[in-house]
Amino acid sequence: METIVVLTGPTAVGKTYYSIGMAHALNGEIVSCDSMQIYRGMDIGSAKPSKEERKGIPHHMIDIVHPKESFSVAKYQTMAKEAIGDILERGKLPLVTGGTGLYLNALLYHMDFGPIPTNQEYREELFQLLEEEGKEALYSRLQELDPASAERIHPNNVKRVIRALEAVEMGKEPLNDFSGVKEKTEDYKVILMGLTMERSKLYDRINRRVDLLMESGLAEEVRGLLDAGLTEDDISMKGIGYKELIDYYLGRCDLDTAVDQIKKNTRHYAKRQMTWFKRYEDLKWFHLEQYAGEEEALEDMIKWVKAKR
RNA sequence: GCCCAGAUAGCUCAGUAGGUAGAGCAGGGGACUGAAAAUCCCCGUGUCCUUGGUUCAAUUCCGAGUCUGGGCA
């Protein structure tokens, strides 16, 4: 079985630097695992590595979708697996890097998303029901049609309730229960690594990075996307950094408030990511504050991968 | 110097007709099947500024002090 390396960790922890360093040392190519970097034109806010930062290392799964288009885990799974297969075929090491937990699961586990795509018309019908009769009505409909899913989903989690209802409507049978044991993928052997640091230090880094993104022109990027016809209803614009600046441009708050919100939401996001990663039992954590410098940490990571292969 | 207002959770404040107190935010924990940077769930003990007094009982009422705002000189 072929081997892939996964490097994950919360936002702003420094994944980019280490991924590129490892790719260099291990003859690898990077497969991004990030739900925002897939969008073209959303560069600053998603902290995409620049051409210079990439140092000639090929990056896959970046800039693959127009921000008006809809995307999904299922699509990610298919495309990322293709990219990985291609890299392996060329005799190089795939280095999956990013912090989108669900996308990572789609690669790490045997997750068959099945033949149930989205159904926009039915979703709209359900939104109609939601507006007219409230989320209780949605939920009781799910209890009736798919009691097992209703058991798993909280009534307030409208988005999931709608998706489950959609599955019943489209598939005429309920979604599988994945909540129990997850089988690891048989496609490849995975070396799973995570970067972390003390929470307060990570939060400091996040706050500083948001200021840096603003200096790099995040506000102008958002302005440009709005001018290009994107709106707050586009899913791509619900990313952190984008939605808050839209509030500013729509006059709902001043710029300082928007920036503070970006920082806060990024901190919350990092926390949620950590919750997700804690579930991976075989993940090797690298605590970055324990190293004298970046080079030393990078060396240790490379050593670890070489020992594992 | 005088007058007024305030002092309660990390922050902003509410409240107790006297029986040691609770919201929002921040923060923490968790969930996660086609929107996932999304969406959702759970978590609140702190010298109620200090000190005298009244009282069975004071964070609450009264007096003094300290600090912070604002006003007048």
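The chains referred to below are lettered A, B, ... by the order of the sequence lines, with proteins before strands, and numbering in each begins at 1.
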Could you tabulate the donor-acceptor pairs under 3.5 Å formed by side-chain atoms of residues 189-198 of chain A, not counting sequence neighbours?
{"from": "Lys189(A)", "atom 1": "NZ", "to": "Lys308(A)", "atom 2": "O", "distance (Å)": "2.9"}
{"from": "Glu198(A)", "atom 1": "OE2", "to": "Ser200(A)", "atom 2": "OG", "distance (Å)": "3.1"}

Using Watson-Crick or G-U wobble geometry with both distances below 3.5 Å, tell me the partner of [N], or none.
N: G46(B); value: none
N: A38(B); value: none
N: A73(B); value: none
N: A26(B); value: none
N: A21(B); value: none
N: G63(B); value: U51(B)

Salt bridge (charged side-chain N to carboxylate O under 4.0 Å, His left out) partners for Asp282(A), two or more places apart: Lys184(A)
Under the salt bridge (charged side-chain N to carboxylate O under 4.0 Å, His left out) test, residues paired with Asp34(A) that sit two or more places apart: none
Test ring-ring contact (aromatic ring centres under 6.0 Å, His included) applied to Tyr18(A) - qualifying residues, sequence neighbours left out: none
Return the nearest nucleotide to the side chain of Arg199(A); candidates are U39(B), G28(B), C40(B). G28(B)
RNA chain B-proximal residues of residues 43-54 of chain A, any heavy atom under 4.0 Å: Gly45(A), Ser46(A)
Within 6.0 Å of CD in Glu121(A), more than 12 heavy atoms from elsewhere: no
Distance-only criterion, 3.5 Å: show the donor-acceptor pairs between side-chain atoms of residues 228-251 of chain A and protein atoms not counting sequence neighbours.
{"from": "Thr231(A)", "atom 1": "OG1", "to": "Asp233(A)", "atom 2": "N", "distance (Å)": "3.1"}
{"from": "Glu232(A)", "atom 1": "OE1", "to": "Arg252(A)", "atom 2": "NH1", "distance (Å)": "3.2"}
{"from": "Glu232(A)", "atom 1": "OE2", "to": "Arg252(A)", "atom 2": "NH2", "distance (Å)": "3.0"}
{"from": "Asp234(A)", "atom 1": "OD1", "to": "Lys68(A)", "atom 2": "NZ", "distance (Å)": "3.4"}
{"from": "Asp234(A)", "atom 1": "OD2", "to": "Lys68(A)", "atom 2": "NZ", "distance (Å)": "2.9"}
{"from": "Asp234(A)", "atom 1": "OD2", "to": "Thr231(A)", "atom 2": "N", "distance (Å)": "2.9"}
{"from": "Ser236(A)", "atom 1": "OG", "to": "Pro67(A)", "atom 2": "O", "distance (Å)": "2.7"}
{"from": "Lys238(A)", "atom 1": "NZ", "to": "Glu232(A)", "atom 2": "O", "distance (Å)": "3.2"}
{"from": "Tyr242(A)", "atom 1": "OH", "to": "Gly45(A)", "atom 2": "N", "distance (Å)": "3.1"}
{"from": "Tyr242(A)", "atom 1": "OH", "to": "Glu221(A)", "atom 2": "OE2", "distance (Å)": "2.6"}
{"from": "Lys243(A)", "atom 1": "NZ", "to": "Lys238(A)", "atom 2": "O", "distance (Å)": "3.4"}
{"from": "Glu244(A)", "atom 1": "OE1", "to": "Gly241(A)", "atom 2": "N", "distance (Å)": "2.6"}
{"from": "Glu244(A)", "atom 1": "OE2", "to": "Asn265(A)", "atom 2": "ND2", "distance (Å)": "2.7"}
{"from": "Asp247(A)", "atom 1": "OD1", "to": "Arg252(A)", "atom 2": "NH1", "distance (Å)": "2.7"}
{"from": "Tyr249(A)", "atom 1": "OH", "to": "Ala219(A)", "atom 2": "O", "distance (Å)": "2.8"}

